[in-house]
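One-based numbering, in listed order, for ligands and for the atoms of each. From a predicted model like this one, the values you see are computed outputs, not experimental measurements.
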Amino acid sequence: MCGIVGAVAQRDVSPILLEGLKRLEYRGYDSAGVAVIDENRSLQRTRVQGKVGQLADMLDTNPLDGHIGIAHTRWATHGKPDVKNAHPHICKDTIALVHNGIIENHESLRKQQQQSGFEIHSETDTEVIVNAIYACLDGKDFLQAVFNATEQLEGAYAIGVINVNEPERLIAARKGSPLVIGVGIGEYFIASDVFALLPVTQQFIFLEEGDIADITRDKLIIYDADRRVVDRKINISELSADVADKSGYRHYMLKEIFSQPEAIAASIEGRIHDDKVALDAFGENAEKVFSQVKSVKIVACGTSYHAGLIASYWLEEIADIPCNVEIASEFRYRKSVIQEGTLFVSISQSGETADTLAALYLAKQSGFLSTLAICNVAESSLTRDSDLVFLTNAGPEIGVASTKAFTTQLVGLFLLVVALAKSQDLSEQAESDYVKQLMSLPGRANHILQYKEAIETMASDFSDKHHALFLGRGSLLPVAMEGALKLKEISYIHAEAYAAGELKHGPLALVDADMPVIAVAPNDHLLEKLKSNLQEVRARGGKLYVFADKHSQMDSSEGVQTLQISNEYDYMAPILYTIPLQLLAYYVAVIKGADIDQPRNLAKSVTVE
Ligand code: F6R
């Protein structure tokens with residue numbers, strides 16, 4: 001998704017803006033640009049279709065110098081990726097603006113603006129904002145113009161705006177899209193997230209919904225949605241500036257796959273005392289809320305949705321609590337019947353996913369018992385606006401394809417299930433057994449990572465394939481779905497996941513020698529059923545790739561490649577069996593030469609609908 005950086009300082013801000021853009025690359029983008037006000041009070045702008053590296057090359061040849069500036073990485077929504085659509089957008093050489101979000105009423109605003117004589121230079125929804133601000137200036141104060149212009153906007157925005165006539169003033173606003181202010185010594189910065197600014201500050205203010213900030217080098221005034229001056233807390237980030245390096249791995253995704261044992265350990269740490277789940281891991285009020293829970297509604301998108309699906313198997317089996325899981329973009333637009341005592345759980349790596357946030361805001365008005373967020377970003381909108389929070393503590397995830405964020409979400413969800421089961425009379429012995437399973441995870445995850453080479457070899461079979469089928473049963477079905485999602489998003493091979501029992505109801509028609517079938521087959525109560533389903537595949541000439549455990553009694557044979565990745569079966573299986581599928585997707589994508597950390601058309605933080 002689009003990334004914003006801005007700065008007002010006594011030094012030249014171009015290097016800060018460029019470094020900030022590099023650090024936002026992980027969010028996904030297709031074009032980039034920067035604008036500064038130079039010493040002659042003139043706006044200077046450079047934009048490229050392509051990578052920040054190309055922008056940097058252009059700035060090497062034609063540097064832009066200025067003490068105030070804004071910069072942007074664009075992920076196309078309205079208008080194709082090209083230079084004229086790249087931000088910053090400028091109106092009449094006076095106002096420059098960068099924007100993240102979507103302006104829903106852009107068409108009507110554009111029409112009005114054209115009628116009143118504005119020339120339109122791009123196909124973006126953003127250009128109407130910069131024109132609206134210019135139109136509102138009309139002899140008025142810059143800040144007042146931004147107040148008035150934003151009132152005309154419907155939709156979501158985070159913006160940074162500069163004005164040649166007030167070359168020391170940077171105005172920032174947010175509604176529906178995230179924006180942070182970095183506090184320096186005699187300088188201020190803005191950005192879409194803290195990573196962009198870590199080289200220049202550790203101090204951050206997170207703007208809240210509807211806030212507008214009036215920023216000069218030595219003064220910051222924040223107005224809330226009612227235009228009252230407000231104090232917003234300064235947060236000190238503990239992240240170090242080099243958090244985003246690859247530590248010798250070829251890709252962030254590989255680093256993140258291999259960091260899962262530590263990430264999982266970090267998400268368990270402090271959440272278990274004396275073999276018991278510490279309820280305060282979910283917030284102060286958790287014990288009281290959990291004792292009233294009669295059912296659970298989980299809402300999320302993409303990979304996080306798959307985590308929710310797995311949790312629903314655990315919840316009904318371990319805690320005897322009914323659970324329903326729904327995709328956020330569906331939940332937010334339909335009428336749901338909410339039963340008394342239902343806990344609303346949202347799951348999100350970023351905590352800024354527009355659909356998940358909208359679902360949370362809807363849930364808050366819909367009579368749920370309480371809202372709980374499972375999230376990896378402490379200061380995200382989702383964590384700030386939920387009643388209870390479990391922080392997954394996975395550390396920043398940079399690769400667009402989610403890996404450690406997913407497995408640590410599952411840790412949080414398993415802890416939640418055990419916590420809820422405790423309120424339903426779970427015995428101490430059972431609780432301690434579940435806790436032991438959880439504590440065994442880092443070591444067992446490490447063991448599975450050692451199959452890296454075998455999986456890399458397996459991946460070579462996929463290089464000429466166009467389709468793949470993933471099969472699982474029970475709580476391993478969402479694992480198969482996650483494996484298919486990983487393969488398609490980073491290798492661009494079309495992949496589908498099915499409950500293995502569904503094969504004969506349709507998808508079996510697709511199976512032939514060109515359709516590899518990947519199965520996750522732990523030694524659970526459905527194993528024999530799954531084996532029969534796999535026979536159906538073999539009988540049609542389909543080649544099988546099976547991830548099983550030592551006791552699954554499945555060996556490699558003609559047309560069947562089996563990797564026995566685990567020694568025993570327990571509730572941790574969905575977490576453990578995810579890892580080989582991540583590695584498989586990764587190595588297939590490597591062979592295909594794909595852009596693994598920034599797959600085409602995808603963004604890390606999906607802050608627009
Ligand atoms: C896939 C992936 C996405 C995200 C989805 C939700 O690898 O990462 O499917 O899971 O966009 O994002 P979050 O979890 O940030 O709400």
Enclosure of E269 CD (heavy-atom neighbours >12, cutoff 6.0 Å): no
Given that the side chain starts at C-beta and the backbone is N, CA, C, O, which of these parts of T353 lies under 4.0 Å from ligand 1, counting heavy atoms, or is it both or neither? side chain
Less than 6.0 Å separating the ring centroids of H494 and H466? no
The criterion is salt bridge (charged side-chain N to carboxylate O under 4.0 Å, His left out); which residues satisfy it with E19, sequence neighbours excluded? R23
Is E489 touching ligand 1 with its side chain, its backbone, both, or neither, if touching means heavy atoms under 4.0 Å apart? side chain
Can you list the residues that meet the side-chain contact (heavy atoms from CB on, under 4.5 Å) rule with D211, with sequence neighbours excluded? L207, E208, I222, D224, R232
Backbone or side-chain N or O of T356 under 3.5 Å from ligand 1 N or O: no
Protein residue, atom and distance nearest to atom 3 (C) of ligand 1, heavy-atom basis: T303 N, 4.0 Å
Ligand 1 to A401, heavy atom cutoff 4.0 Å, flagged ligand atoms 7 (O)
Return the residue, atom name and 0.1 Å-rounded distance of the protein heavy atom closest to atom 11 (O) of ligand 1. V606 CG2, 3.8 Å
Which of the atoms of ligand 1 are close to S348, meaning less than 4.0 Å from one of its heavy atoms? 13 (P), 14 (O), 15 (O), 16 (O)
Residue, atom name and distance, where the atom is the protein heavy atom closest to atom 15 (O) of ligand 1: S350 OG, 2.7 Å
Report the residue from E482, Q260, K486 that forms a side chain to side chain donor-acceptor pair (under 3.5 Å) with Q582. Q260
salt_bridge(E209, K175) N-O dist < 4.0 Å: no
Got a salt bridge between E123 and K80, using NZ or NE/NH1/NH2 to carboxylate O under 4.0 Å? yes
For atom 8 (O) of ligand 1, what's the nearest protein heavy atom and its distance? S402 CB, 3.2 Å
Protein heavy-atom partner closest to atom 6 (C) of ligand 1 - residue, atom, separation in Å: C301 O, 3.4 Å
Short N/O distance, under 3.5 Å, between Q409 and ligand 1? no
State yes or no: are the ring centers of Y26 and Y252 separated by less than 6.0 Å? no
Subset of ligand 1 atoms that lie under 4.0 Å from at least one heavy atom of K486: 1 (C), 7 (O)
Would D355 and R332 pass as an ion pair if we require N to O under 4.0 Å? yes
Measure the distances from the heavy atoms of N376 to every atom of ligand 1 and state whether one is below 4.0 angstrom. no
